[in-house]
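Report on the following structure.
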Amino acid sequence: MTERYYLTPGGGMKIKWGGPTDLKELYRQMKIWLEDQGYTTEPTLEKKYVENIKPSGKEIYVLWEAGKKVSDYFTYKMVIEFILVALNDVEVQQGNAKVKLTKGTLEIRITAFIEYGEKWESISGLGKLYYKIVGKQRLEDYVEKFYDKVYKFQRFIKDFIGLVD
């Protein structure tokens with residue numbers, strides 16, 4: 001049985017933003033970041049895309065699933081949800097040029113976890129003892145490394161949209 005060790009709260013880490021931003025570029029940069037870190041290839045990333053037109057603007061929901069196998073026994077996983085509400089195109093003056101941006105409310109939820117345990121079921125005897133001692137320590141090591149990556153990804157997104165802690 002595959003087990004999951006969650007690094008983020010149940011509802012995921014939330015990044016919320018209201019105002020004009022370049023959503024297409026944010027989307028593109030996030031994809032590039034995940035690809036560069038080895039968590040996905042573009043064709044496998046997007047699992048769901050729903051768009052509705054409302055009187056207040058577009059509403060969009062996007063679901064991404066990214067993962068990276070780090071050993072035969074451990075896999076990093078991220079589930080990224082975009083919830084975009086009241087989206088409207090706007091033109092904003094930046095320096096001497098007018099730039100087309102999207103104005104609305106953006107919420108990004110990142111849920112990160114490590115999957116493990118499936119391969120451990122087929123092991124018996126000394127392998128089980130190894131799992132209980134060394135495997136748990138390896139999980140702690142992977143948790144620390146993945147935790148850093150997930151929060152760097154969050155920081156990357158916040159920096160892009162201009163959120164300052």
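The residues of the chain are indexed from 1 along the displayed sequence.
Looking at S71, its side chain does come within 3.5 Å of a backbone N or O of Y73 through a donor-acceptor pair. K149 places no side-chain N or O within 3.5 Å of a backbone atom of Q37 that could act as its donor or acceptor partner. A distance-only check finds a donor-acceptor pair linking the side chain of K47 to the backbone of T44 [under 3.5 Å]. For T8 (side chain) and A112 (main-chain N/O), a donor-acceptor pair under 3.5 Å exists by modelled atom type.
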Between I60 and I83, is the side-chain contact (heavy atoms from CB on, under 4.5 Å) condition met? List the steps. CA-CA 6 Å; I60 299 173; I83 301 160; over 6 Å; no

Go through the steps to decide whether E46 and V62 satisfy the test side-chain contact (heavy atoms from CB on, under 4.5 Å), and finish with yes or no. CA-CA 7 Å; E46 194 170 278; V62 181; 3.7 Å; yes

For K158 and I15: C-alpha separation, side-chain torsions, deciding distance, then whether side-chain contact (heavy atoms from CB on, under 4.5 Å) applies. CA-CA 7 Å; K158 284 183 169 183; I15 302 167; 4.2 Å; yes

In sequence, state the C-alpha distance, the side-chain angles, and the governing distance for I114 and T75, and then conclude on side-chain contact (heavy atoms from CB on, under 4.5 Å). CA-CA 6 Å; I114 298 175; T75 303; over 6 Å; no

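Following chains of ILVMFWY side-chain contacts shorter than 4.5 Å, one cannot reach I32 starting from F156, and the two form parts of different hydrophobic clusters. With hydrophobic clusters built from ILVMFWY side chains whose heavy atoms lie under 4.5 angstrom apart, Y27 shares a cluster with L45. Under a hydrophobic clustering in which Ile, Leu, Val, Met, Phe, Trp and Tyr are joined whenever their side-chain heavy atoms come within less than 4.5 Å, directly or via other members, V85 and W17 fall into different clusters. In terms of hydrophobic clustering, with Ile, Leu, Val, Met, Phe, Trp and Tyr side chains grouped at heavy-atom distances under 4.5 Å, Y6 and F153 are assigned to different clusters. No chain of hydrophobic side-chain contacts below 4.5 Å, direct or via other Ile, Leu, Val, Met, Phe, Trp or Tyr residues, connects I161 to V99.
Atom CD of E91 is separated from atom NZ of K98 by 5.5 Å, given to the nearest 0.5 angstrom. Taking CD from Q154 and CG from L163, the interatomic distance works out to 9.5 Å, rounded to the nearest 0.5 Å. Atom CZ of F82 sits about 8.5 Å away from atom CD1 of I110, to the nearest 0.5 Å. Taken to the nearest 0.5 Å, the OG1 atom of T111 stands 10.5 Å off from the CD atom of E65. In this structure, CG on L63 lies 9.0 Å from CD1 on I80, to the nearest 0.5 angstrom. Once rounded to the nearest 0.5 Å, the distance linking CG of L7 with CE of M13 reads 9.0 Å.
More than 12 heavy-atom neighbours from other residues, nucleotides or ligands sit within 6.0 angstrom of CD on Q93.
By the 30° and 60° cut-offs, the orientation of the rings of Y147 relative to Y151 is tilted.
Residues F146 and V70 fail the side-chain proximity criterion, which asks for heavy atoms closer than 4.5 Å. By the 4.5 Å heavy-atom criterion applied to side chains, T2 and Y116 are not counted as neighbours. Contact check for K31 versus W64: side-chain heavy atoms found under the 4.5 Å cut-off. Between L101 and T21 the shortest side-chain heavy-atom distance does not fall below 4.5 Å.
M78 approaches W33 most closely through the heavy-atom pair CE-CZ3, 4.4 Å. In terms of heavy atoms, F113 sits closest to R4 at CE1-NE, 3.3 Å. Heavy atoms only, all atoms of each residue included: F160 and D22 are closest at CE2-O, 3.7 Å. Of all non-hydrogen atoms in G104 and L87, the two that sit nearest each other are CA-CD2, 4.0 Å. L84 and L106 make their closest contact through CD2-CD1, 3.0 Å (heavy atoms, listed as atom of the first residue, atom of the second, distance). The minimum heavy-atom distance linking K69 with D72 is given by the pair CE-CA, 3.9 Å.
Y76 does not carry K68 over the face of its six-membered ring by the limits of under 6.0 Å from the centre and within 45° of the normal.
Annotation: side-chain hydrogen bond (donor to acceptor under 3.5 Å, both in side chains) contacts of D36 (sequence neighbours excluded): none.
Salt bridge status for K58 with E51: present, with a side-chain N to carboxylate O gap under 4.0 Å. With salt bridges taken as basic N to acidic carboxylate O contacts below 4.0 Å, none links R138 and E140. Residues R155 and D159 are paired through a salt bridge, judged by an N-O separation under 4.0 Å between the basic side chain and the carboxylate.
Counting only residues at least two apart or in different chains, side-chain hydrogen bond (donor to acceptor under 3.5 Å, both in side chains) contacts with residues 78-89 comprise Y61-E81.
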